[in-house]
Number of protein chains: 2
Amino acid sequence: MIQSLNEHNREDLQEALSKGGQKLTPQREVVFAVLLAQRDHPTVDEVFNRAREVMPGLSLATVYNCLETFVGCGLVRQVNHERESTRYCPNLAPHAHFRDKETGQVHDIELPPEVMKSLRSILPPGFDSEVIEISFLGRAKANDSLNSN
Amino acid sequence: MIQSLNEHNREDLQEALSKGGQKLTPQREVVFAVLLAQRDHPTVDEVFNRAREVMPGLSLATVYNCLETFVGCGLVRQVNHERESTRYCPNLAPHAHFRDKETGQVHDIELPPEVMKSLRSILPPGFDSEVIEISFLGRAKANDSLNSN
DNA sequence: CTTGCGGTTTAGACTCATTCTAACTCTTTA
DNA sequence: TAAAGAGTTAGAATGAGTCTAAACCGCAAG
């Protein structure tokens, strides 16, 4: 179940928010806690439903707002696959995503620096890239524990 | 301007369609010609507008249908960036996409086989991937001629 | 205090890409 | 010529996400 944030995580949140000129609010705490509690790349709706168990008055618009704020503060990444609903991921380490064709589950795949480098190297001169998104589509055989980080 | 398909391209289209159990229709020819004429990763709307110059009665639904058919036959790839409108690309060679933050333009980036290989190698055992999507976000300095293929 | 202010939250209206539906057309097969 | 089947069409429906305007809240100034 969704716990409230521990001291450590609350401080991280607090700090990242204030760096971005934002405040820590009860809603933001709950939404952040939801993301940390179950790192399965939930959609906004999923976050909304989970958060409401803990804070029933929370509105969907606020969940959108909170998540956008987190993305702006670099606390969370958006994960898009084709045009499906955007998913959210609190894993900050550079990583790729693997989407299971059958279950729809999204798994994080560690991205070693040398692979990042070889990717950057394929850019022709004049192309400067800040963000690289890599996503695999396929099947992951069993091994439930491998998801996320 | 949009030309009608030359013999060679019409045959390719014809063949790919019939392999997928589909027929060559005037609408499909026009839509395909639009994609080949300007390889700038147009959205459905852009394809629609260009195609109407040549076939004014064409409907938007048909453009959606044609593009979906082409994707099904492997003639064309969809390109998605975040949740923006889907774009279409008739470049069949394996390649990544580079999206210019400022202009919004999408450029094709050639993907050498050894980079593909190193990417596949980061998948943990049990993960089998058929499709790998790679997209860069950044700025491309000038050099208009480098776009697409 | 209590008033005012800026940032946050809220419900509901709105947008817009995409999908669906049902009617229509065209071509082929019987 | 009729019936069947594929493809096309206009417009309605869907649904994720955004916008708007009102309510709320914590806090600093009076």
Side-chain angles (χ1 to χ4, degrees), chain A residues 13-14 16-34 41-52 54-73 75-89 104 106, chain B residues 13-14 16-34 41-52 54-73 75-89 104 106:
Chain A
L13 176 56
Q14 168 73 269
L17 285 172
S18 64
K19 256 186 206 161
Q22 310 281 148
K23 291 174 187 157
L24 185 56
T25 68
Q27 289 84 347
R28 285 172 182 170
E29 269 192 51
V30 169
V31 171
F32 195 60
V34 165
H41 306 84
T43 61
V44 174
D45 254 32
E46 285 162 348
V47 173
F48 179 52
N49 291 321
R50 291 174 198 174
R52 286 246 269 197
V54 153
M55 185 183 268
L58 185 70
S59 86
L60 180 60
T62 300
V63 176
Y64 275 101
N65 291 339
C66 292
L67 292 170
E68 196 193 338
T69 302
F70 297 160
V71 171
C73 295
L75 275 164
V76 151
R77 269 176 68 184
Q78 287 185 315
V79 184
N80 288 289
H81 182 259
E82 317 223 311
R83 285 191 41 96
E84 289 172 10
S85 314
T86 298
R87 295 172 176 278
Y88 291 84
C89 160
V106 177
Chain B
L13 176 58
Q14 168 73 269
L17 285 171
S18 65
K19 256 187 203 158
Q22 309 282 148
K23 290 174 188 159
L24 184 56
T25 69
Q27 289 85 345
R28 286 174 181 170
E29 268 193 52
V30 169
V31 171
F32 195 61
V34 165
H41 307 84
T43 61
V44 175
D45 255 34
E46 286 164 346
V47 173
F48 180 51
N49 290 321
R50 293 175 197 174
R52 285 247 270 198
V54 153
M55 185 184 268
L58 185 70
S59 87
L60 181 59
T62 300
V63 176
Y64 274 99
N65 291 340
C66 291
L67 291 170
E68 196 195 338
T69 302
F70 295 160
V71 170
C73 295
L75 275 165
V76 152
R77 270 176 67 183
Q78 286 184 315
V79 183
N80 288 288
H81 181 259
E82 318 223 312
R83 284 193 42 95
E84 290 172 10
S85 313
T86 299
R87 294 173 176 278
Y88 290 84
C89 159
V106 177

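Computed from heavy atoms alone, side chains included, the values below leave out hydrogens, waters and symmetry copies. Letters A, B, ... mirror the listed sequences (proteins, then strands); counts begin at 1.
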Task: Short N-O contact, B/Glu46 and B/Arg87, less than 4.0 angstrom - done: yes

Open item on the list: Measuring from the side chain of B/Ala61 (C-beta onward, heavy atoms only), which nucleotide among C/dG7, D/dT8, D/dG11 has the closest atom?
Closed with: D/dG11

Task: B/Ser85 side-chain proximity, nearest of C/dA17, D/dT18, C/dT8 - done: C/dA17

Open item on the list: Without decimals, in angstroms, what is the distance between A/Tyr64 OH and C/dT15 C1'?
Closed with: 13 Å

Open item on the list: Check the phosphate of D/dA16 against A/Thr43, side-chain N and O only, distance under 4.0 Å to OP1 or OP2. Yes or no?
Closed with: no

TODO: Check every strand shown and say whether A/Thr25 touches a base, only sugar-phosphate, or nothing at a heavy-atom separation below 4.0 Å.
DONE: sugar-phosphate

TODO: May I have the distance from A/Glu68 (atom CD) to D/dA16 (atom P), rounded to whole angstrom?
DONE: 18 Å

- [ ] Between B/Glu84 and B/Lys23, name the one whose nearest nucleotide on DNA chain C is closer to the 5' end.
- [x] B/Glu84

Open item on the list: Nearest 0.5 Å, please: how far is NE2 in B/His41 from SG in B/Cys89?
Closed with: 4.0 Å

- [ ] Take the protein atom CG of A/Leu24 and the nucleotide atom P of D/dC27, then report the distance between them rounded to whole Å.
- [x] 12 Å

Open item on the list: Would you say that A/Val71 contacts A/Tyr88 through its side chain, given a criterion of any heavy-atom pair below 4.5 Å between the two side chains?
Closed with: yes

Open item on the list: Considering every strand and a 4.0 Å limit on heavy-atom distances, what is the contact class for A/Leu60: base, sugar-phosphate, or nothing?
Closed with: nothing

Open item on the list: Closer than 3.5 angstrom, by distance alone: can the side chain of A/Ser59 be matched with the main-chain N or O of A/Thr62 as a donor-acceptor pair?
Closed with: yes

Task: Whole-Å distance separating the CG atom of A/Leu67 from the P atom of D/dG17 - done: 10 Å

- [ ] Taking only the side-chain nitrogens and oxygens of B/Ser59, find out if one of them lies under 4.0 Å from OP1 or OP2 of D/dT8.
- [x] no

Task: Reported CG-to-CZ distance for the pair B/Asn65 and B/Arg28, which is rounded to 0.5 angstrom - done: 8.0 Å

- [ ] Indicate whether OP1 or OP2 belonging to C/dG7 is found under 4.0 Å from a side-chain N or O atom of A/Gln22.
- [x] no

- [ ] Nearest whole angstrom, please: distance from the P of C/dA17 to the CZ of B/Arg87.
- [x] 11 Å

TODO: Using a heavy-atom cut-off of under 4.0 Å over every strand shown, decide if B/Asn65 touches base, sugar-phosphate, or nothing.
DONE: base

Task: For atom CG of A/Asp45 and atom P of D/dG15, their distance in whole Å - done: 11 Å

Task: d(CG, A/Asn49; P, D/dA16) in whole Å - done: 12 Å

Task: OP1 or OP2 of D/dA16 under 4.0 Å from side-chain N/O of A/Arg83 - done: no

Open item on the list: Distance check needed: D/dT9 C1' versus B/Leu58 CG, whole Å only.
Closed with: 10 Å

Task: Proximity to the side chain of A/Arg28 - top-ranked nucleotide from C/dT8, D/dG17, C/dT19 - done: C/dT8

